[in-house]
Every structure is written in C-alpha cells, then in structure tokens.
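A short worksheet on the structure shown next.
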Amino acid sequence: EAKAKGRNTFHFYSQELNAAANERLHIENELRQAIKSQQFSLQYQPQIDSRSGKIVGYEALIRWNHPTEGGIPPTKFIPIAEATGLIVEIGTWVLKEACRFSSVLKSKGYTADISINLSARQFKDANLIETISHTLDEVGLPPSMLHLELTESMLMGDVEAAIEQLKEMKKLGVSLSIDDFGTGYSSLSYLKRFPVDVLKVDRSFVKDIPEDSNDMEITAAIIAMAQKLSMKVVAEGVETAEQVAFLQRNNCHIVQGYYYSAPLTEQQVFAQEPSIMRVAGN
Ligand code: C2E
Ligand code: MG
Ligand code: MG
Ligand code: MG
C-alpha cells in the first residue's frame, strides 16, 4: 500500500518537477532571445521625502515584454537569469540604461538620484567594479548619484569577502543600500561592519500598518537602529496616508510606494511635473 502510494506520489512529484524544469528551460531560452532583441525596458519608481512631497530619487525596475507572452514579472525571470548567469549581461544593461536615464534627468535640472538592484551573481562578479566605473565615466554621471541595492543574503555568505567588495564599491563613490531589510538573516554585529548608507525597510513590515502592532514595533525598531548606525532609512511599499504618518512620527521620511506612485515609464516621468508628487495628508 504504502509502497504503491509512495510510487504514485513520486510519479506525481516528478511530473510536477518536469513541468517546472521545462518552464525554466523555456524561460532560459526566451531570455537569451530577449537580450538579443531588446525586449527589456526599465520603469522608475519615485522615492519621496514625505515632508515636502518632493522626489529625491528613483528606483529602476526591469520589465520584460515578451512578444507573444506579454509582460513577464521580474520575480519570475530574475531567479532564472541568476541561476544561468545571464543576469550579468542583463544587469550590465540595466546599469547602463538607468545611468543614461539619470543623466538625462540631470541635464533637465531635475532630481536624478538612481537606485538599481544588483543580483548575487553580479555582486560576486570579478568585473563589477570595472563595469560600474566604466558606465559612470561613459555616461558622465557623478558616482554619488548612483545607489546600488543589495540584499542581506548576498552579504551573509562569505562576510569578509562581502566587506572587501563593499569597500571597493564605496571607493568608486557610489552609495550602497540594503534592500528588503528584515527579511534575510543578517547578523546585527556584521551590519555595523558593512559600509552601507541606506536601509530599505521591507514592504512586508509596512503593509499591515496600522493594523499589526508587531509590525509597527519592528518597523520603529529598524528605523531607530539604522539611525544609531548613521544610516538613512527608506520605507518600501507605502500604500496609505496612515503608513506615511506612522513613518513620519518614527523619523522615516523617505518613502516609496503606490501611495505616491507606481513605477513609471521614462515617458511618464518626463510627462509629469517631476518635482512635487503629493504632500502627505493631501
Ligand atoms: P524590490 O527591489 O524590493 O522592488 C520593489 C518591488 O515592489 C517592485 O516590484 C515594485 O514594483 C513593488 N512595489 C513598489 N511599491 C509598491 C506598493 O506600494 N505596493 C506593492 N504591493 N508593491 C510595490 P517589481 O518591479 O515586480 O520587482 C520585484 C523584484 O524584482 C524587486 O524587488 C527586485 O528584487 C527584483 N528586480 C526588479 N528589477 C531588477 C533588476 O533590474 N535587477 C535585479 N537584479 N533585480 C530586479
Ligand atoms: Mg530594490
Ligand atoms: Mg525592495
Ligand atoms: Mg521588497
């Protein structure tokens, strides 16, 4: 009985595995094509100082518009690009494109700080420093305007190697952020050794404010800790006026989320008055 059941379960499981493996292989092949035929674009989500309603920068977020399958979300294809190594080429394109956008904004006199997401593979890539410095030179962007977002899991593997790489990045003059903070397992004793400028509080802590009092405690504690470590704090996924008010009361003024704006196309950024989004409470 048990044996037969086991075999069936295995059969079922392996079918599922097969389907997953096939989909992966399919996406991998399509990704190679996507790089060649320029199916990627970037959207830019404003980051706002909630005290003034002013945009202080943008986060670049990749979009894949597949010719027959339509939009494929980054949460679906980035892990596959990462596993296959294709992310290095895609990430280099993202870096270039985002810096180009930023320099166009700057030339129009607008706020132009730009954040980009780095993947684990890129962070470990021996050419990363060279790629960043080459791109900044080519585009003519001041390094301080470029913010690179990393995650805790990328830093916690080989901590000493990670610290060395972060130091090399800092030497270029760029700013470093820890994305999705609170969802990984970074040790607080290491956190103070990382030369990081910004903590981004993950959306999972923000989304149930003000209903979830634990999340409010955690968010307040992350903000306080960041400030003790002289880091700036950005809250992600801010969707309501109540959340903005809570964050303001707790000294986190830079926010990003649908309350102010979804990610925008480059045309949308230029079409709107790009300095003032909305003053909190309005
Ligand atoms: P992330 O870096 O944490 O980006 C924030 C995600 O939250 C984005 O999803 C954004 O569209 C979404 N978001 C922003 N505000 C709100 C809000 O108020 N409510 C909700 N529900 N969501 C909000 P997106 O664009 O689908 O990106 C997902 C993840 O994919 C990113 O998370 C990042 O980890 C990764 N990613 C995106 N672009 C790139 C890229 O160019 N390179 C790499 N390596 N990863 C990327
Ligand atoms: Mg990010
Ligand atoms: Mg994030
Ligand atoms: Mg997040």
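Whatever order the structure lists ligands and atoms in, that order sets their numbers, starting from 1. Numbering starts at 1 and runs along the sequence shown. Keep in mind it's a predicted model, so treat the numbers as computed, not measured. Worth knowing before you read on, the calculation uses all heavy atoms, side chains too, and leaves out hydrogens, waters and symmetry mates.
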Quiz item: When you look at CD of E211, are more than 12 heavy atoms from neighbouring residues, nucleotides or ligands closer to it than 6.0 Å?
Solution: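 Atom CD in E211 is packed in, count exceeds 12.
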Quiz item: Where do E152 and G182 come nearest, in terms of heavy atoms and distance?
Solution: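 Minimum heavy-atom contact is OE1-N, 3.1 Å.
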Practice problem: Identify the two heavy atoms, one from G91 and one from Q122, that lie closest to each other, and give their separation to 0.1 Å. | Solution: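 That closest heavy-atom pairing would be CA-NE2, 3.3 Å.
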Show the atoms of ligand 1 that are less than 4.0 angstrom away from any heavy atom in [X].
X	value
V94	41 (O)
E239	17 (C), 18 (O), 19 (N), 20 (C), 21 (N)
G257	15 (N), 18 (O)
G237	16 (C), 17 (C), 18 (O)
S119	44 (N)

How does [X] reach ligand 1, if at all, at less than 4.0 Å between non-hydrogen atoms: by side chain, backbone, both, or neither?
X	value
R203	side chain
D180	side chain
E59	side chain
N117	both
Q256	neither
K200	neither
R63	side chain

Presence of N, O or S from [X] under 2.8 Å of the Mg ion (ligand 2):
X	value
N117	yes
D180	no
E59	yes

Quiz item: For P263, is the nearest heavy atom under 4.0 Å from an atom of ligand 1?
Solution: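 Per 4.0 Å heavy-atom rule, P263 contacts ligand 1.
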Quiz prompt | Min N/O separation Q45 to ligand 1 under 3.5 Å | solution =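 Q45 vs ligand 1: N/O contact under 3.5 Å present.
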Practice problem: Return a yes/no value for Y258: is any of its N or O atoms, backbone included, closer than 3.5 angstrom to an N or O of ligand 1? | Solution: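 Min N/O separation from ligand 1 is below 3.5 Å for Y258.
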Self-check item: Flag side-chain contact, heavy atom, 4.5 Å: I178 against L155
Solution: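 Answer yes - side chains close enough.
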Quiz prompt | Residue pair V234 / V255, side-chain heavy-atom distance below 4.5 Å | solution =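 They are not in contact (no side-chain heavy atoms under 4.5 Å apart), so the answer is no.
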Self-check item: Atom name in E149, limited to N/O/S, at shortest distance from the Mg ion (ligand 2)
Solution: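 Nearest N/O/S atom: OE1.
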Quiz item: Do you know which N/O/S atom name in D179 is closest to the Mg ion (ligand 2)?
Solution: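 Nearest N/O/S atom: OD2.
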Using a 3.5 Å distance criterion without hydrogens, assess whether the side chain of [X] forms a donor-acceptor pair with backbone atoms of [Y].
X	Y	answer
E23	A20	no
D212	D208	no
S102	A112	yes
E97	L42	no

Quiz prompt | Shortest reach to atom 8 (C) of ligand 1 by a heavy atom, considering only L150, L61, D179, L42 | solution =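 Selected option, by shortest heavy-atom distance: L61.
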Practice problem: Go through the steps for H147 and S175 under the test side chain to side chain donor-acceptor pair (under 3.5 Å), then give the verdict. | Solution: CA-CA 5 Å; H147 304 253; S175 158; 2.9 Å; yes
Exercise. Would you mind telling me which of Q33, Q39, E30 makes a side chain to side chain donor-acceptor pair (under 3.5 Å) with H66?
Key: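 For H66, the side chain to side chain donor-acceptor pair (under 3.5 Å) check succeeds only for E30.
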Exercise. Provide the atom name of the closest N, O or S atom of E236 relative to the Mg ion (ligand 3).
Key: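 Closest to the Mg ion (ligand 3) among those atoms: OE2.
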Quiz prompt | Verdict with reasoning, F101 to Y58, per ring-ring contact (aromatic ring centres under 6.0 Å, His included) | solution = CA-CA 10 Å; F101 166 78; Y58 294 88; 5.7 Å; yes
